[in-house]
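Naming: A, B, ... by sequence-line order, numbering from 1 per chain.
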2 protein chains.
Amino acid sequence: MKCSQHTNEISATLKDNGLKVTPGRLGLLDIFKHNKKPLAVKEIAKLYKSIGKIDLVTLYRNVESLAEMGIIKKLRISDKEIHYEIPHSHHHHLVCTSCGKIADLENCEVRLPKTKIPGFSKIKEHSLEFFGLCNTCDK
Amino acid sequence: MKCSQHTNEISATLKDNGLKVTPGRLGLLDIFKHNKKPLAVKEIAKLYKSIGKIDLVTLYRNVESLAEMGIIKKLRISDKEIHYEIPHSHHHHLVCTSCGKIADLENCEVRLPKTKIPGFSKIKEHSLEFFGLCNTCDK
DNA sequence: TGACAAATGCAAGTCATTTGCATTAAGATA
DNA sequence: TATCTTAATGCAAATGACTTGCATTTGTCA
């Protein structure tokens with residue numbers, strides 16, 4: 001079964017990083033698995049209600065620890081709140097600066113530089129975001 | 001004189017956008033002109049002390065209105081606060097996820113896509129940021 | 001199974017950013 | 001230049017995302 005296989009994989013990753021496998025974390029990952037778009041913690045909390053109960057604080061802590069181990073990615077695309085998403089196919093985002101709507105931008109042909117930057121030893125990830133107005137707000 | 005010429009230019013831009021030319025705004029732009037790196041509002045306030053007095057709230061409001069008219073660029077590179085910078089030569093940033101240190105990344109060879117995105121009419125700007133650990137934090 | 005550290009929930013705190021409102025000052029007009 | 005209109009400013013207070021402290025619960029592993 002693909003699903004439990006995935007869960008086992010996740011459990012293994014959690015353990016590898018010294019994190020315990022808890023219902024709270026599995027539920028969180030389940031939400032990301034079924035919502036492949038950037039989610040703010042408040043949105044996650046709303047989605048969480050259908051699968052169980054969890055404290056906002058725990059959500060903040062779990063989301064942060066999962067981001068640290070690279071299972072989910074932290075996105076700084078909003079002025080207000082941090083978003084997280086599960087990395088699927090390489091993509092970027094388009095953000096409406098008026099209403100905050102976020103669209104995925106697939107098949108981006110960006111070439112990233114392999115430049116060595118003095119003063120920085122480890123580059124873990126990058127983020128490319130586009131900002132503008134969606135059709136609704138541009139009126 | 002290059003300096004007053006620049007100020008006149010700025011004044012014109014302010015007026016064109018229906019904004020009044022106030023000492024507060026000119027001082028703010030002066031700071032950006034002399035500090036070509038991302039600045040958080042708190043840092044701006046500190047720099048402002050040497051040229052005059054201004055309320056933090058006014059700073060927030062001015063920085064926002066200048067960003068809206070494209071005189072300065074809003075950067076979402078920190079988890080904690082918004083940064084602004086005056087656009088100089090096209091560049092991106094490298095951010096240390098541990099201490100928050102920011103480095104400019106010049107001569108970036110990124111090719112941006114000319115893709116048309118459904119649902120979005122106007123794309124105003126983009127931002128490409130790299131996240132990692134600086135030499136100091138990577139120990 | 002029992003010990004132990006990590007995970008959780010609750011209450012309270014922190015801090016960047018925003019809002020309301022009365023006052024001041026730019027810029028247009030007479 | 002005096003006046004008028006409206007945006008800009010400063011202050012106090014509010015908002016809201018996120019964090020922290022601490023007591024309790026629960027995975028994990030010997």
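- The nearest whole Å value for the distance from the CG atom in A/L59 to the C1' atom in C/dC10 is 15 Å.
- When each of A/M69, A/K20, A/E9 is tested with A/L14 by the rule side chain to side chain contact (heavy atoms under 4.5 Å, CB included), just one qualifies, namely A/M69.
- Among D/dT19, D/dA12, C/dG9, the nucleotide with an atom closest to any side-chain atom of B/V57 is D/dA12.
- Here C/dT17 presents its C1' atom at 14 Å from CZ of B/R76, a figure rounded to the nearest Å.
- Nucleotide C/dA25 holds its P atom 14 Å from the NZ atom of B/K53, rounded to whole Å.
- The nearest whole Å value for the distance from the CZ atom in B/R25 to the P atom in C/dA25 is 15 Å.
- Projected onto DNA chain D by closest heavy-atom contact, B/G24 and A/E81 fall at different nucleotides, the more 5' of which corresponds to B/G24.
- Atom P of nucleotide C/dA28 and atom CG of B/L14 are separated by 13 Å, given to the nearest angstrom.
- With D/dC18, C/dT17, D/dG10 as the choices, the nucleotide that has an atom nearest any side-chain atom of B/Y60 turns out to be C/dT17.
- For the pair A/I82 CD1 and D/dC18 P, the interatomic distance rounds to 5 Å; values are reported in whole Å.
- What separates CZ of A/R61 from C1' of C/dA11 is a distance of 12 Å, to the nearest Å.
- In this structure, A/L19 reaches the sugar-phosphate backbone alone: every heavy-atom distance under 4.0 Å involves primed, P, OP1 or OP2 atoms, never a base.
- Exactly one residue among B/D30, B/L56, B/T58, B/L59 makes a side chain to side chain contact (heavy atoms under 4.5 Å, CB included) with B/Y48. That residue is B/L59.
- Comparing D/dT28, C/dT8, C/dA26 by their closest approach to the side chain of A/T22 singles out C/dT8.
- Residues B/H92 and B/H90 bring a donor and an acceptor atom of their side chains to less than 3.5 Å of each other.
- Between the CD atom of B/E68 and the P atom of C/dT18 there is a distance of 11 Å, given to the nearest Å.
- Judged by distance alone, with hydrogens and angles left aside, A/K20 brings a side-chain donor or acceptor within reach of the base of C/dA5, the pair sitting under 3.5 Å.
- Contact detail for A/V95 and B/F120: the closest heavy-atom pair is C-CE2, 3.9 Å.
- A/Y84 and A/E43 share no donor-acceptor pair across their side chains, judged by distance under 3.5 Å alone.
- Within the 4.0 angstrom heavy-atom criterion, no nucleotide atom of any strand lies near B/D79.
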